[in-house]
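As the structure is a computational prediction, the values presented were derived from the model and not from experiment. Heads up: numbering here begins at 1 and tracks the sequence. We count ligands from 1, going down the list as the structure has it; atoms in each ligand are counted the same way.
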Amino acid sequence: MALQAPEGTKDLLPEEAKFWTHFKAVATDVFGRYGYEPIETPVFEQTDLFVRGIGEATDVVSKEMFTAISGENLKKLREGGTVKAKSRLSLRPEGTAGVVRAVVQHDLVPQGAAPVKLVYAGPMFRAERPQKGRQRQFNQVGIECLGAEEPSVDAEGIIMLMRFFATIGIPVESTALLVNSMGCDACRPAYRDAVKAYMDAHADELCDECKRRAEINPLRAFDCKNPACAAVMEHAPKITDHLCDDCRDHYDAVKTYLSGAGLSYVEDPKLVRGLDYYTRTVFEVQVTEGMGSQNAIGGGGRYDKLAEEVGGRPTPGFGFALGYERCVLALEAAGCEFPATQACDFFVACVDDSVRAEAFSIMQAFRDAGLTGDMDHQGRSLKSQFKLAGKMGAALVAVLGPDELDRGTVTIRNMRAHREREVEIAALKNFLSCFGGEPYGAPIPNIDDVFGQLEVE
Ligand code: HAM
């Protein structure tokens, strides 16, 4: 059997790959209006970054990371040796840790500087059990803002994410925005103790894993999928009853900004998110219909301690990521289709093989002018070349035969207007040479002008 893509991965075939490009462009445009600039970080980092940044007790780090190892180091390990910490690498399960590492490494927020706003897009890797909406390699678009702790940063982040979803076509009515505050170093320890005490009192109703969670990181039990644990945690102490005054004020301000922007949200005191770095604001956007259990299309929050965790100076941060594949499922659930594929401008058809070299040269002139098109590369008959041109949706077909070549002309058929005219090859090439070329993105000729302006006298 032919080899298949690994389990939990998905090929983006041309139609979808084009949509992914469009999706990223819309995100760059929408988030760019809020001052976010692109950053690219490696798809693998030192394992230690994720352990320290995301948290050892999280499922993402303890169960789902793909570790990468060079052949040389693998050999060392097999021979009973060890590898240095900096050679222990993992594929990124998310983008925040790497971006914060880069901000610290390159000192992108010098003391007293304005916050840095960064946007990224690319594949993330988590060894989860694949199912609809849950892959082992999936694509995220994310943003991170470092250097400001004001609630306005959190609010504008959430607002721009909702604006993006609307722009890309996900109906706002089909989404729910959940918000919560996770507190800070001042108020969370007491809250964590309260949750632990509650869990200890209900230990006989909890799964073994939650019993362990109670010892290491009790808040993770809010994410447990076991129905018995979920029933217990439903009545656990609520963080919102334990917030300190500063965290409460921060949370209230975020909510006021959201309401002011006309966003409806649901407060969910059980929303703790699966990553340990969050402080204060956390939020998630879920699709309410047609998505099954993997219905979170985006989420994020504030992480005021993460920069220090990875060795930097105190730098507050806020960010979110959205899952591309889940957005596609949300669009499908809303009845949207991928936009029509790019139009084909021209096709050059050869009457026989003797004209192929000149046809090739005409095709190149069209392309150098910035137009999109092709010719036959398989020796097809003229009839099937026209079929192919029709299938491609070519607006113009340039037909070249030996007689025309002798006259130095080519017949151009306007497929939409069902008209044709003979034009001089030299004049056509001369006309096309005024367009496209350098710099990339220079004006492209209008198809009707190509057809209309040139005619044999
Ligand atoms: P996350 O909630 O783990 O947050 O992931 C963000 C989004 O990625 C999810 O809402 C979901 O749409 C998508 N996603 C996650 N796992 C999968 C998967 N296995 N298959 C398909 N899609 C998936 C983060 O990653 C944080 N880094 C967000 C953040 C940025 N927080 C602060 N800054």
Side-chain angles (χ1 to χ4, degrees), residues 7-10 12 20 23 27 31 36 39 41 45 49-50 53-55 58-61 63-66 91-103 116-146 153-154 157-158 160-161 164-165 168 170 175-178 180 182 220 223 271-287 291-307 309 315-331:
E7 199 193 352
T9 68
K10 187 168 171 267
L12 299 189
W20 169 226
F23 191 90
F31 303 155
Y36 283 83
I39 185 166
T41 61
E45 299 269 359
L49 172 71
F50 302 122
I54 300 172
T58 59
D59 282 358
V60 168
V61 168
K63 300 183 192 160
E64 298 166 3
M65 273 212 301
F66 280 104
L91 297 183
R92 60 183 184 190
E94 56 100 57
T96 312
V99 169
V100 172
R101 193 263 315 133
V103 167
V116 64
K117 291 178 159 185
L118 303 165
V119 51
Y120 53 90
M124 307 293 159
F125 307 85
R126 297 185 193 175
E128 296 186 82
R129 201 169 40 79
Q131 64 177 82
K132 190 179 173 203
R134 191 164 71 191
Q135 294 176 207
R136 296 186 150 196
Q137 176 176 337
F138 56 97
N139 289 295
Q140 281 188 346
V141 175
I143 63 100
E144 312 295 345
C145 172
L146 282 111
V153 166
D154 312 33
I158 297 172
M160 74 178 190
L161 176 60
F164 169 79
F165 286 142
I168 207 73
I170 299 174
T175 61
L177 168 62
L178 309 181
N180 190 22
M182 298 284 293
R220 290 271 69 86
D223 283 339
L271 180 70
V272 290
R273 311 257 312 127
L275 313 156
D276 271 354
Y277 48 60
Y278 292 114
T279 51
R280 294 190 165 169
T281 313
V282 284
F283 75 100
E284 199 155 278
V285 184
Q286 298 180 350
V287 171
M291 291 270 295
S293 60
Q294 306 304 313
N295 65 346
I297 51 174
R302 178 160 283 285
Y303 47 83
D304 290 342
K305 297 286 161 191
L306 181 54
E309 287 298 339
T315 313
F318 171 87
F320 64 70
L322 55 99
Y324 162 74
E325 287 78 6
R326 290 200 195 160
C327 287
V328 169
L329 292 174
L331 286 167

- Message: Tyr303 vs Glu309, test: side chain to side chain contact (heavy atoms under 4.5 Å, CB included). Steps then yes/no.
- Response: CA-CA 10 Å; Tyr303 47 83; Glu309 287 298 339; over 6 Å; no
- Message: Would you call the rings of Trp20 and Tyr324 parallel, tilted or perpendicular, taking 30° and 60° as the class edges?
- Response: tilted
- Query: Within less than 4.0 angstrom of ligand 1, does Pro93 place any heavy atom?
  - Reply: no
- Message: Taking 4.0 angstrom as the limit and counting only heavy atoms of Glu144, give me the atoms of ligand 1 inside it, by number and element.
- Response: 30 (C), 32 (C), 33 (N)
- Message: Could you work out, for atom 10 (O) of ligand 1, the closest of Gly298, Gly323, Ala127 by heavy-atom distance?
- Response: Gly298
- Item | Mode of Gln140 contact toward ligand 1 - side chain, backbone, both, neither (heavy atoms, under 4.0 Å) | side chain
- Query: With sequence neighbours left out, what residues match Arg302 under salt bridge (Lys or Arg N to Asp or Glu O under 4.0 Å)?
  - Reply: Asp154, Asp304
- Between Ala307 and Val100 the two heavy atoms that sit nearest each other are CA-CG1, 3.8 Å
- Proximal ligand 1 atoms for Glu128, defined as those under 4.0 Å from one of its heavy atoms: 16 (N), 18 (C), 19 (N)
- Query: Given the rule in the side chain to side chain contact (heavy atoms under 4.5 Å, CB included) test, do Thr58 and Glu64 qualify, once you have shown the distances and angles that lead to the verdict?
  - Reply: CA-CA 9 Å; Thr58 59; Glu64 298 166 3; over 6 Å; no
- Message: If the cut-off is 4.0 Å to any non-hydrogen atom of Leu275, which atoms of ligand 1 fall inside it?
- Response: 4 (O), 24 (C), 26 (C)
- Indicate yes or no: does an N/O atom of Arg273 lie under 3.5 Å from an N/O atom of ligand 1? yes
- Message: Please confirm whether the ring centroid of Phe164 lies under 6.0 Å from the ring centroid of Phe23.
- Response: yes
- Item | Interfacing atoms of ligand 1 (cut-off 4.0 Å, heavy-atom, Tyr278) | 26 (C), 28 (C), 29 (C), 31 (N), 32 (C)
- Message: Quick check: Tyr277 and ligand 1, any N/O pair under 3.5 Å apart?
- Response: yes
- Closest to atom 30 (C) of ligand 1 (judged by heavy-atom distance), picking from Thr96, Thr281, Ile54, Val287: Thr96
- Enter the distance from Ile143:CD1 to Ile39:CD1 here, rounded to the nearest 0.5 Å. 12.5 Å
- Query: Is it the side chain, the backbone, both or neither of Arg134 that has a heavy atom closer than 4.0 Å to ligand 1?
  - Reply: both
- Item | Any N/O pair Arg126/ligand 1 closer than 3.5 Å | yes
- Are Glu45 and Arg101 ion-paired here, with the side-chain N under 4.0 Å from a carboxylate O? yes
- Message: Let's go through Thr96 and Tyr277 carefully: what are the C-alpha distance in whole Å and the side-chain angles of both, what is the deciding distance for side chain to side chain donor-acceptor pair (under 3.5 Å) to 0.1 Å, and is it a yes or a no?
- Response: CA-CA 10 Å; Thr96 312; Tyr277 48 60; 3.1 Å; yes
- Query: Any idea which of Gly319, Gly142, Gly299, Cys327 brings a heavy atom closest to atom 28 (C) of ligand 1?
  - Reply: Gly299
- Task: Report the nearest protein non-hydrogen atom to atom 14 (N) of ligand 1: residue, atom name, distance rounded to 0.1 Å.
- Result: Phe138 CE1, 3.5 Å
- What pairs of residues pass the side-chain hydrogen bond (donor to acceptor under 3.5 Å, both in side chains) test when at least one of them lies in residues 121-131, not counting sequence neighbours? Gln131-Arg134, Gln131-Ser293
- Query: When you look for heavy atoms under 4.0 Å from ligand 1, do you find them on the side chain of Phe320, its backbone, both, or neither?
  - Reply: backbone
- Report the nearest protein non-hydrogen atom to atom 9 (C) of ligand 1: residue, atom name, distance rounded to 0.1 Å. Ala296 O, 3.9 Å
- Logged contact type for Phe318 with ligand 1, heavy-atom cut-off 4.0 Å, is neither
- Query: What atoms of ligand 1 come closer than 4.0 angstrom to any heavy atom of Glu94?
  - Reply: 25 (O), 26 (C), 27 (N)
- Query: Under 3.5 Å, is there a donor-acceptor pair between the side chain of Glu325 and the main chain of Asn139?
  - Reply: yes
- Task: Enumerate the atoms of ligand 1 whose separation from the nearest heavy atom of Gln135 is less than 4.0 angstrom.
- Result: 18 (C), 19 (N), 20 (N), 21 (C)
- Nearest-0.5 Å distance that lies between atom CD in Gln286 and atom CD in Gln294: 10.5 Å
- Within-cut-off N or O pair, Glu325 and ligand 1, under 3.5 Å: no
